[in-house]
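Heads up: the structure comes next, in structure tokens.
Keep in mind that the numbers below use all heavy atoms, side chains included, and drop hydrogens, waters and symmetry copies. So that the names make sense, note that chain A is the first sequence line, chain B the second, and so on, each numbered from 1.
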Number of protein chains: 2
Amino acid sequence: MYKSVKSFKISEKKERLKNSLKEKGLKSTRQRDVIATEFLRGTGHITAEDLYKKIGRKHKGIGFTTVYRTLKLLTTLGLATERVFADNLTRYEPLPAEDHHDHLICINCGTITEFENMKMERLQEKISNEFGFYTVIHKMEIYGYCKKCKYHSTEVSEYELNKAKAKNKK
Amino acid sequence: MYKSVKSFKISEKKERLKNSLKEKGLKSTRQRDVIATEFLRGTGHITAEDLYKKIGRKHKGIGFTTVYRTLKLLTTLGLATERVFADNLTRYEPLPAEDHHDHLICINCGTITEFENMKMERLQEKISNEFGFYTVIHKMEIYGYCKKCKYHSTEVSEYELNKAKAKNKK
DNA sequence: AAGGAAAATGAAATTCATTTTCAAAATAAA
DNA sequence: TTTATTTTGAAAATGAATTTCATTTTCCTT
Ligand SMILES: [Mn+2]
Ligand SMILES: [Mn+2]
Ligand SMILES: [Zn+2]
Ligand SMILES: [Zn+2]
């Protein structure tokens, strides 16, 4: 039977999750399976809140707390990573991604584009060394207008708008 | 009378503040003067909370809210800028600084070191362009162990410790 | 299969930095 | 002064993140 590359990777990760759980004396549950599956299927950069909503549409009775805790768990187990961009929300993306990467973030439409640049990595390391630093992680984000939004930037930024909405909600 | 370069710059900035206030129909107050002075004297990367405490020692009766609002005001007027590092606290530093700069942050002692690297700036711009982005700002932070802390990292991170303290306070 | 210990769940409560509210005080123009 | 406008600051509100705890579920052992 045909199997896409992506679904293969997902099942591989789910296998890894299952093993890690057993190894640590933790339990496999319906909730963890649903949450992990839905999360790993996604394109990443999702908040616990949004994943909770996404799941809520298809599956009944999975609480926000469990989604939140499962994302934390996946992070602990090396299957996810946390990202905090300028809107100060904690987002998660599946790991291991192709490789280390940084982000371009559109302040109009919120689109997040990933990039990887070895020259940049080496330069960062060089700078770090110059100051006698030992680098653990780095964060590199470029904020601006994406290709699509570049020429329409007289409108109110949807990204800013979302922040405003988030504030006014309820 | 002798005047240091730095105090000259501070009075220059305070002059600018005074003018901006008048221009916008805002008022000059004792609080704003004290807060601006104390802030501009500092080395930057200070939270509203810490500036409030620092001021509290010398001057009586300046509320946290006013410190908070004055830092926001200075930011609006282009005399300060907000920075949010991995501990998720909003810090402020005087502007205009020498130039645009990025940060090296020690995850052991919390020391923040500034650096400026033109090669890095150009490379970022190049990457942005490749994706058709129009760059507005960028964020580049390197987290690791500083020169001092590099060889003592078996101890509990003071940076982490502060986060813990912050949590347990009260 | 039961039994039982340990872990997981989820609604509700808590935390904590940030932001807003509002009544009283201060500022500055007339 | 007088008066309109702004500022102040204590207290309240906000909201995302985290914790609590009673109940339920898992899964290991008889
Ligand atoms: Mn990413
Ligand atoms: Mn700085
Ligand atoms: Zn866009
Ligand atoms: Zn250090």
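- Note: F85(B) and H103(B) meet the aromatic proximity criterion, with ring centroids under 6.0 Å apart.
- Not one side-chain nitrogen or oxygen of K27(A) sits closer than 4.0 Å to the OP1 or OP2 atom of dT25(D).
- Across the protein-nucleic acid pair, D87(A) atom CG and dA16(D) atom P stand 10 Å apart, rounded to whole Å.
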Evaluation steps, salt bridge (charged side-chain N to carboxylate O under 4.0 Å, His left out), between E93(A) and R83(A): CA-CA 8 Å; E93(A) 67 175 306; R83(A) 303 274 189 189; 2.6 Å; yes
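- Taking all atoms of both residues into account, the shortest heavy-atom contact from L71(B) to A48(B) is CD1-CA, 3.7 Å.
- Taking a cutoff of 4.0 Å between a charged side-chain nitrogen and a carboxylate oxygen, K9(A) and E12(A) do not qualify as a salt bridge.
- At dT9(C), none of the side-chain N or O atoms of T65(A) fall inside 4.0 Å of OP1 or OP2 (strictly under the cut-off).
- The shortest distance between the side-chain N/O atoms of R32(A) and the OP1/OP2 oxygens of dT9(C) is below 4.0 Å.
- Side-chain atoms of L89(B) lie closest to dA17(C) of the nucleotides dA17(C), dT18(D), dA17(D).
- Among the heavy atoms of the strands lying under 4.0 Å from S28(B) are primed sugar atoms or P, OP1, OP2 only; no base atom is included.
- Counting heavy-atom neighbours within 6.0 Å of Y134(B) OH, excluding the residue itself, gives a total of 12 or less.
- Atom P of nucleotide dG10(C) and atom CZ of R69(A) are separated by 8 Å, given to the nearest angstrom.
- When heavy atoms are screened at a 4.0 angstrom cut-off, T90(B) is found touching the sugar-phosphate backbone but no base atom.
- For the pair L26(A) CG and dT9(C) P, the computed distance is 10 Å after rounding to whole Å.
- Across the interface with DNA chain C, nearest-nucleotide mapping of A48(B) and G61(A) shows G61(A) to be the residue nearer the 5′ end.
- Remark: P of dG10(C) and CZ of R30(A) are 7 Å apart, rounded to the nearest angstrom.
- For dT6(D), neither phosphate oxygen OP1 nor OP2 lies less than 4.0 angstrom from any side-chain nitrogen or oxygen of T29(B).
- In terms of phosphate contacts, Y68(A) brings no side-chain nitrogen or oxygen within less than 4.0 Å of OP1 or OP2 of dA17(D).
- The distance from atom CG of L21(B) to atom C1' of dT5(D) is 14 Å, rounded to the nearest whole Å.
- Considering only the side chain of T66(A), dG10(C) comes nearest among dA17(D), dG10(C), dG9(D).
- The side chain of Q31(B) contributes no N or O atom lying less than 4.0 Å from OP1 or OP2 of dA26(C).
- In this structure, the CG atom of N88(B) is 19 Å from the P atom of dT15(C), given to the nearest Å.
- Nucleotide dT9(C) holds its C1' atom 11 Å from the CD1 atom of I62(A), rounded to whole Å.
- Rounded to whole Å, atom C1' of dA16(D) lies 13 Å from atom CD of E82(A).
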